[in-house]
Structure formats: structure tokens, C-alpha cells
Amino acid sequence: MLKVSFPTVQQLMEVKSDLMPAIERNQAKQAAAEAYETLQRSLNQGRDQHTRVQDYLDQIVEMREFDVPYHVRFAIDMDVRCGQWFTVSSDEGQMKMERRADILQRAELRICAFDIETTKLPLKFPDASYDQVMMISYMIDAQGYLIINREVVGEDIEDLEYTPKPEFPGPFKVFNVANERAVLRKWFDHMRELKPGVYVTYNGDFFDWPFIETRAKVHGMTMYDEIGFRHDAKAGECRSKCCCHLDAFAWVKRDSYLPQGSQGLKAVTKAKLGYDPLEVNPEDMVQFAIEQPQMMASYSVSDAVATYYLYMTYVHPFIFSLATIIPMPPDEVLRKGSGTLCEMLLMVQAFKANIVCPNKHLSSVEKIYNGHLLESETYIGGHVECLESGVFRSDIPTRFRLDPRGYEYLLDNLDRDLQYAITVEGKMELSSVLNYEEVKSEIKAKLEALRDTPNREECPLIYHLDVAAMYPNIILTNRLQPPSIVTDDVCAACDFNRPEKTCLRKLEWVWRGETFMATRSEYVHLKNQIESEQFPSLTDGGPPRFFRDLDSEQQSSKLKDRLKKYCQKVYKRVLDKPTTEHRIAGICMRENPFYVDTVKSFRDRRYEYKGLNKVWKGKLAAAKASGSQIKTQEAARSPLIGKPLELDTDGIWCALPGSFPENFTFKTSNEKKKSLTISYPCVMLNVDVARNNTNDQYQTLIDPVRHIYKTSSECSIEFEVDGPYKAMILPASKEEGGVIKKRYAVFNHDGTLAELKGFEVKRRGELKLIKVFQSEVFENFLGGTTLEECYDAVAAVANRWLDMLEDFTR
DNA sequence: ACACACACCTAC
DNA sequence: GCAGGTAGGTGTGTGT
């Protein structure tokens, strides 16, 4: 490997564009050579072929880390992060930054949350080309300001206060100015005077900033020249070089875990700040500004108050904490996807471990399966099942038809399970337990009673059992990481490859692919056909374009469209029924554990955080059960002992008979830990998981010089338990006996809602919109005196709505 | 009436 | 230039 560094990004790009074609050429050559070699081997004429290095350019087959943005590269290499303190010094122009790890206090930035109100036409969204800014409200360091456009607002507004909660004070100073131009002038001047370090908006990336920018232009001002912000329509964001713009809506979308139906500022305020904000129907705003200006003024500042305190309470601590570990500025930490953030963390760890990052994996195009073009291929994911519908209440007895064999099994394995709970989960000596027999006989008696009277009516115990951080723990238990997925030829070339080797772990998975109905030859025919066709020019009256002139994305979409139409015509359907295939993956247990170790350190941080969070909330549940995933076969036993209600991927909601053994406390002679509380239902699952999923082939390099590995057994896939609950409600489908997955409601014993999953109330509030539409159509329909007038009026409403929905969709 | 494709948005 | 994954419910449009 050759490392090349550049003083500027431009130089990097120049070299990259020189090298890229050569690399593509060399890769193609290499692929051809490999194919040729395989052929040679199969003809049993294999011979080493050494190429003489004539031109180094011919030898470059890959380029790495050329697409790392400059500021990310800098932050990683120099170990600089936003949100940390540094002592900065300069020695003859050479800058030095020294990290001040001793200062943990967050910097006190000047934060400005702002929000604009604009005019708008009935049932239209505000359009900056003709609508105006009515008011700008903003809060800086808990002091509010409101600029009023007196051309729109009916009267002068006096200073006011909007304090929705004592902890969220909102005193506002009001500036009444003559017109929109003066509003913008005042705001720009005030911002230049106060120089905020962070601007905060709610959806300002898409609305407030571009609106202000456009209106400023109308009045001959340039927002960029005034305060350094420019809206980038392509990226859909508004940013500046000199300070941050943190759009709280981006935090709500990615980090709040609120459903989309509750991501408006009003719903977020209710959910996160715990008060009911002022609400005004957007259709009434302009009228109110003219007729009830004081009320409109209060409303206007209420959004700025909500945005400011949402930011101060949630967004700021979250983003600036994340920024101390992610090598990006806060604006990007806020807006990037979780995949990019994870990649950044991996790149930091890779740099520290002197590992060169791999390039993004590209799946090959035009895969053929069984003589048909593959439309998509993937793996079978989590399993979901709903077994019951109806109401389950802990205070209303329900009929249990238990299977004595299930209880017999639990009794047979009671010692094993309890000992597992003590030694593995509790990490304690069995001999240190003082009341083992006592606990055991108590559980035994309960299990025997259930076994002996399996048909019984009892109040149910509604429990939820789920695996903590399941995917990371599957990864860690099995040492899964991209470079560890090996094929026979990889093993064949490995020094550790012996007949009795244990370093290759085999794991089953299920492949699923969907193919087009058309055969490969039909596909090839269609492709040849389309390649000779012409397509309309991009410009009016320009020359037609050939297929080869289209970019690769357009080509493949045009070809796919053609193929779909062909399949629909000839086969009456586009895709064949999906096919599945059981496959075995080989996992190398000796690959450098960089990814696995990194996942581990992040999982442990998550556990640490979750633990501290629990302590802080005073909710520390004593029973932190260890456990394991149930194999399908084993899961089948669980109906035998109670009623499974709903399963999804890593968790089970179930009803156990009221007399089922629950929590027990072992007393111990251990001075440091005098007792150990276990949840029997949890332990029972964890033993199964451990028995079926422990990796006995886990290998750790202990002597890098002599290549000696230590083999150990690992299983960190463990169930946690919560409950019992007061009630669970599972909806039924329209078909008799039909059940619905992923939708249920659960109540706590104090009557509060514990979980509400999947129901329409969590989705977008379109119903509301439809009702407004219906009432408007209704009104207009009645308004006419002839049928024609009625139809015309309704058509006018419909057209307005179509326009509006188009804006809305955009 | 029925299936299929697709959009949208949720659970995990 | 950027984009985590699969499973599943509901509603609409379309073709047979």
C-alpha cells in the first residue's frame, strides 16, 4: 500500500481523476486474468505467472479513503472534536491545539431560536414569491424578541410574556416596524449585534431560512452578506461558515423516536416539554393578525419559546455530546443518517488501530438466478407472530389449557436452571447460597401444582420478555464481521487450515430472492432492442439521445421499466413467487477482531449508559436476567406452559398462569452481595438460549508472535423481563379468528398506558385533513342554486386542494 | 371479485 | 452527494 497525502482537496481530486480510469482498467484486467487462471487450473496446467513491473500505473488496483471529507480527515488525524476544550497556540504560524480533558463543563454558547409568521392565501402554503413576513420572534439567552410588520398586523404590539411553565420563562420585547423590509433590516441588524453561535429553528432548513432569504432579495438585501447564511436547496439545508444552524426538526426525526404522526412542533412540545402549546388554525392566521393582533403575537412567540426550550432541554445536550465523539461539526452530527455516524465512529477506531478502511461494498448488477434476472435478493430477517387477539386482564381469570409435559420438563431441569441463574447470571458460587433448597422447593411445589392440574382458570400474569441489544450480542457471540465471512477457497489458502480445525464456525441462514418472470434470453433480447433505440432530448428540439448517452441509473431504470411491461404483457405478472434457499455461512474465528471489538466497546457503553440511566431514574430492577434466544423448536415448548400472545424478532408478550413461579431471592454468604434476585420465567428462557447458541469456538489471539489462540465459550444473548402488567389488548382482523401483528396496547397496574404499538393514531393526521376537505366540499355544494353551480364550486375546491397537496407532497 | 404492485409508515 | 436492515398493516390503483 502506498499512502499519498495532499496539501489541498483540489490536488487530491486531480490525482483521483487521473488514477480512477487506470484502476478500473486494471481491475477489469485482473478479473479477466483470474478467470483465465481458473481455466488454466481446471486444465491442470497451473503455472505461476510473474508479471514484470513495467509501469506502476498498471499495478494500482484499488484506491482507499479518497472520499473522506477534508474536515473529517482533519478531526480524526488531529483528534479534534467539537464540544471539547482546547488550548490553542501559534508558533510562527504553526498552529497547535492541546486538548483540555480536565474541563468537562459545556461552553455557554449564545443561542438564538427563531420562528417567522407569514401571510398566505387560503388553503395554500406560504409562497415567498408573493407572501410576506408578518412577524419574526426569537429567543436569545432566555430573552425573547418580537418584530412586528405593521403593514400586516393591525396595531402596535406591546411587550408581552408567554411562560407556559415556570421553568420555561418567556419575556418578550417587541419592536413595531413599518413594513417587511424594516422587519428584515431590524432582524439582520440585531443578529449582527448579538452574534449568536447557534441558530435554532423548527423546520427552518425548508421554511424559515429560504423564506427570509427570498424576501430579503425582494427588498434588495442578500441574507448571505447580512448574516452569513445561505440556503442550499439541493442539500435541503441552511448553513453558515461562522456558526451553527441546528434545526430541531432534524433531531425529532432521527433521535426523538416519536412517530411521524407526532413530529409537528405542537405534538413534540406536548410529548417532550409537557405542556399544551397555543394552537391556531393556519387558515385563520392572517385574519387574526389584522383583527386580533395581540392574540397572534402571543401565538407567534409561543413557537419560538417551544423551539428554544426543546433545543435547550434535548437537542443541545444530545448533539454536542455526540459531537465530542463523532469527527464532524454539530450541523452534520445533527443531519447525517445513523449509518454515516456509525461509519465515522468506525473510521476513528480504524485510524487508532492503523487499519485502512475498506471501500463501500457494491453488489454486482444483473445477477441471474435459475435462468431469470434477479430483481432483488436478501436474507430472511426477524420472525413475527401473533397468536391471540382480545383483552387480557390480570384481574379477570382466563382459561389455561396447559400441557403437563412442559411442566415436567421444567421440573426435570430445575436444578440446572437455578444453578445457571446463580453461577452464570449472578456470577456467584453455588456454595455461597444459603437458602437454595428453600427456593427450589417453593418453585417445585408451584410447578407440580400446575403440572397436576393443567386445565385451570386463573388470573393471567402478563409478561414481556425480550433480548437486550440482540443484534450486537449475536454479532459478539458469533464473532461476526465482514472480513470473517469466508468461503472454501479462503480457508484453503489459510495457514490454519487443518482437517480438525475449529476456527471455522458454520451458521445457517436463509436466502430469499425475487426474479422477473422473463427468462435470461428474453432479457438479453430486450436489452439489445433498447440499446438501439433513441430517446427524446433533454432540451426542446435538441438531437435525440441514444441509450448509451443516458447515465447508468437512467439506463437501468428504463430497462427495468421495459422488462416489467414485457413480463406483465407476456406472463401477466412481473415477478415470480419469491424463492428461498437454506445456506451456510462460514465464519472465521481467527480474523483480526477489529469490528467485533469496536461493536463490543460500543455495546458496553450503551449498557453503561442504560445502567446509569436506570439508577438515575430510580428504576433499577434487581433481576437483570441473562438469557438466550429460543430456537423455533424450543419456542414450541412455551405454549405448553402458558399463552404466548405476540412475538416480534427478539421479544415475547405472554400470559402465564397466576400461580406460575415469578421472582425469588437467594440469600448468600457473600459479604459484598448478600442476595441475588432472579426471575424464574427469564432464567428458564436464558438457559435454553445458552444451550442452543453458545459459541464454543470463540478464539482470541494471545501470542501474536507464535500465532497462538485461546479458545473459549461465549454467549451474551440474554433475555430481560418486564411486567407483570395490568392488561394487554390485541386487535382482531376483519376475518374471523384473524390476528394482527405489531399492533397492541399494554397498561400498567396504575392504569397508565405502558405501550401503544402500530395503531393508526400513531400515523399521519391525514384523517383530519380529509375532514376539512369534506366539510368544505359540503359547504360549497350547498352554496349553489343550480346543479351546475354546485358542480363548479366543488370542482374549484378540488382544484385548490390538488394544488395544495402538490405543494404538500413536494 | 380478486390478485398484485405500490405508497406510506410503523415494529423490531 | 447522500442514503442502516427486514417484517408487516392499511389503503389505493390497476388489470383480468
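Each chain gets a letter, A, B and so on, in the order its sequence line appears, and its residues count up from 1. For clarity, every value in this text was computed on a predicted model and none was experimentally measured.
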Original post:
So with a 6.0 Å cut-off around OH of A:Tyr70, is the heavy-atom count from everything else above 12?
Top reply: no
Original post:
Among all residues two or more places apart in sequence or in another chain, which pass the side chain to side chain contact (heavy atoms under 4.5 Å, CB included) test with A:Leu374?
Top reply: A:Lys367, A:Tyr369, A:Glu377, A:Trp511, A:Thr515
Original post:
Any side-chain donor paired with an acceptor under 3.5 Å for A:Glu522 and A:Tyr566?
Top reply: yes
Original post:
A:Arg743 has an atom CZ; how far is it from atom C1' of B:dT10, in whole Å?
Top reply: 8 Å
Original post:
Residues two or more places apart in sequence or in another chain: which of them pass side chain to side chain contact (heavy atoms under 4.5 Å, CB included) with A:Ala267?
Top reply: A:Ser262
Original post:
Would one find more than 12 heavy atoms of other residues, nucleotides or ligands at under 6.0 Å from atom NZ of A:Lys266?
Top reply: yes
Original post:
Is the number of heavy atoms from other residues, nucleotides or ligands under 6.0 Å of A:Arg230 CZ greater than 12?
Top reply: no
Original post:
Will you find, in the side chains of A:Thr340 and A:Glu343, an N or O donor that is under 3.5 Å from an N or O acceptor?
Top reply: no
Can you tabulate the close N/O pairs, meaning under 3.5 Å, that link protein atoms to atoms of nucleotides 2-4 of chain B?
none

Subject >> B:dT10 phosphate, OP1 or OP2, under 4.0 Å from A:Gln260 side-chain N/O >> reply: yes
Subject >> Nucleotide-resolved protein contact map, nucleotides 11-16 of chain C, B/S/- at heavy-atom distance under 4.0 Å >> reply: ------
**OP:** Send over the distance from A:Leu465 CG to B:dC12 P, rounded to a whole Å.
**Re:** 14 Å
**OP:** Please report, rounded to the nearest Å, how far the P atom of C:dG1 is from the CD atom of A:Glu332.
**Re:** 14 Å
**OP:** Rounded to 10°, tell me the angle between the two end axes of the helix from B:dA1-C:dT16 to B:dC12-C:dG5, each built from five pairs.
**Re:** 10°
**OP:** Indicate, with a heavy-atom threshold strictly under 4.0 Å, whether A:Arg512 touches base, sugar-phosphate, or nothing.
**Re:** sugar-phosphate
Original post:
Going through the distances and angles, do A:Trp653 and A:His464 end up as a ring pair (Phe, Tyr, Trp, His ring centres under 6.0 Å)?
Top reply: CA-CA 5 Å; A:Trp653 287 92; A:His464 182 221; 4.1 Å; yes
**OP:** Compute whether any side-chain donor of one residue and acceptor of the other, for A:Gln349 and A:Tyr595, lie under 3.5 angstrom apart.
**Re:** no
Original post:
Cut-off 3.5 Å, side chains only: do A:Thr477 and A:Asn473 have a donor facing an acceptor?
Top reply: no
Original post:
So, is A:Lys741 close to the B:dT10 phosphate, meaning a side-chain N or O under 4.0 Å from OP1 or OP2?
Top reply: no
Subject >> Any side-chain donor near an acceptor of the partner, A:Thr201 and A:His245, under 3.5 Å >> reply: yes
Original post:
Quick one: does A:Asp466's side chain have a donor or acceptor within less than 3.5 Å of a partner on A:Val721's backbone?
Top reply: no
Subject >> Residues from residues 377-389 of chain A lying under 4.0 Å of DNA chain C - heavy atoms >> reply: A:Thr378, A:Tyr379, A:Ile380, A:Gly381, A:Gly382, A:Val384
**OP:** Give a yes-or-no answer on whether the side chains of A:Glu332 and A:His71 include a donor-acceptor pair shorter than 3.5 Å.
**Re:** yes
Original post:
What's the CG-P distance between A:Leu730 and B:dA11, to the nearest Å?
Top reply: 14 Å
Subject >> Nearest-angstrom distance from the residue atom CZ of A:Phe719 to C1' of B:dC12 >> reply: 13 Å
Subject >> Toward the 5' end of DNA chain B, by each residue's nearest nucleotide, A:Leu258 or A:Lys564 >> reply: A:Lys564
Original post:
Between A:Glu514 and A:Trp653, which is nearer to the 5' end of DNA chain B once each is assigned its nearest nucleotide?
Top reply: A:Glu514
Original post:
Counting any heavy atom closer than 4.0 Å, what does A:Lys234 reach on the DNA or RNA strands: base, sugar-phosphate only, or nothing?
Top reply: nothing
Original post:
With a cut-off of under 6.0 Å to the ring centre and 45° to the axis, is A:Lys564 in cation-pi contact with A:Phe516?
Top reply: no
**OP:** Output yes when at least one side-chain N/O atom of A:Thr340 is less than 4.0 Å from OP1 or OP2 of C:dG4, else no.
**Re:** yes
Original post:
Taking CG from A:Asp205 and P from C:dC2, how many angstroms apart are they, rounded to a whole number?
Top reply: 16 Å
Subject >> Between B:dC9 (C1') and A:Arg254 (CZ): distance, integer Å >> reply: 20 Å
Original post:
What's the NZ-C1' distance between A:Lys757 and C:dT10, to the nearest Å?
Top reply: 19 Å
Original post:
What does A:Tyr744 touch in the nucleic acid at a heavy-atom separation under 4.0 angstrom: a base, only the sugar-phosphate, or nothing?
Top reply: sugar-phosphate
**OP:** Answer yes or no: does atom NZ of A:Lys253 have more than 12 heavy-atom neighbours from other residues, nucleotides or ligands under 6.0 Å?
**Re:** yes
